[in-house]
Amino acid sequence: GRSGSGSSGGGGVSGGGHPTAVAEASGVSAPKPGRAAAAASASTVAVRTFDAIHAALTSEEGGFDLVEQTDQAFLIKEHDRKYQWGCSHATVWRRRREPQE
């Protein structure tokens with residue numbers, strides 16, 4: 001969740017909401033009362049966003065090389081006494097040069 005958001009409601013996968021909402025959001029069947037939750041299927045594969053972008057951009061068709069990557073902190077002032085701090089993954093890419101004929 002957000003740091004210092006002040007809200008107490010809401011479900012969702014990371015918020016720990018109602019088991020049925022969490023199960024539906026994660027693609028796992030909801031548990032029946034008194035039973036354990038069903039395990040995810042063996043074909044489920046976790047893919048990070050950066051991994052997918054890296055694969056697409058560095059492919060032969062993508063035409064880019066990764067130059068640098070770093071985490072950048074940021075602060076958002078929502079009002080006089082409420083701030084939100086976060087961290088973003090920043091990347092720098094360079095387009096490959098076309099071979100001259």
Side-chain angles (χ1 to χ4, degrees):
R2 292 183 181 156
S3 175
S5 67
S7 65
S8 61
V13 176
S14 63
H18 189 272
T20 303
V22 172
E24 290 171 358
S26 63
V28 176
S29 60
K32 294 183 180 176
R35 295 190 182 174
S41 69
S43 64
T44 302
V45 177
V47 176
R48 291 181 32 212
T49 303
F50 175 73
D51 294 336
I53 292 171
H54 185 269
L57 290 178
T58 58
S59 69
E60 192 66 35
E61 297 83 28
F64 286 88
D65 292 316
L66 179 61
V67 176
E68 184 180 349
Q69 60 181 320
T70 185
D71 290 329
Q72 294 289 316
F74 62 89
L75 182 69
I76 300 171
K77 181 177 180 179
E78 295 186 14
H79 54 77
D80 286 342
R81 295 186 300 166
K82 186 175 179 185
Y83 295 86
Q84 209 176 107
W85 180 86
C87 192
S88 286
H89 185 192
T91 57
V92 178
W93 300 86
R94 180 174 291 126
R95 182 181 293 276
R96 291 185 200 123
R97 293 185 177 206
E98 300 283 329
Q100 295 181 354
E101 295 179 19

*Asks:* What are the two closest non-hydrogen atoms of H89 and D71, and how far apart are they?
*Replies:* CA-OD1, 3.7 Å
*Asks:* Counting N and O atoms only, with roles assigned by atom type, does the side chain of R96 sit under 3.5 Å from a partner on the main chain of T58, one being a donor and the other an acceptor?
*Replies:* yes
*Asks:* For F74 versus C87, what's the shortest heavy-atom pair and its separation?
*Replies:* CE2-N, 3.4 Å
*Asks:* Measuring from I76:CD1 to K82:NZ, what's the distance to the nearest 0.5 Å?
*Replies:* 11.0 Å
*Asks:* Looking at every heavy atom in both A73 and W85, which two are closest together, and how far apart are they?
*Replies:* CB-NE1, 3.8 Å
*Asks:* On a heavy-atom basis, which atom in W93 and which in T91 lie closest, and how many Å separate them?
*Replies:* NE1-OG1, 2.8 Å
*Asks:* Output the distance between atom CZ (F50) and atom CG (L66), rounded to the nearest 0.5 Å.
*Replies:* 5.0 Å
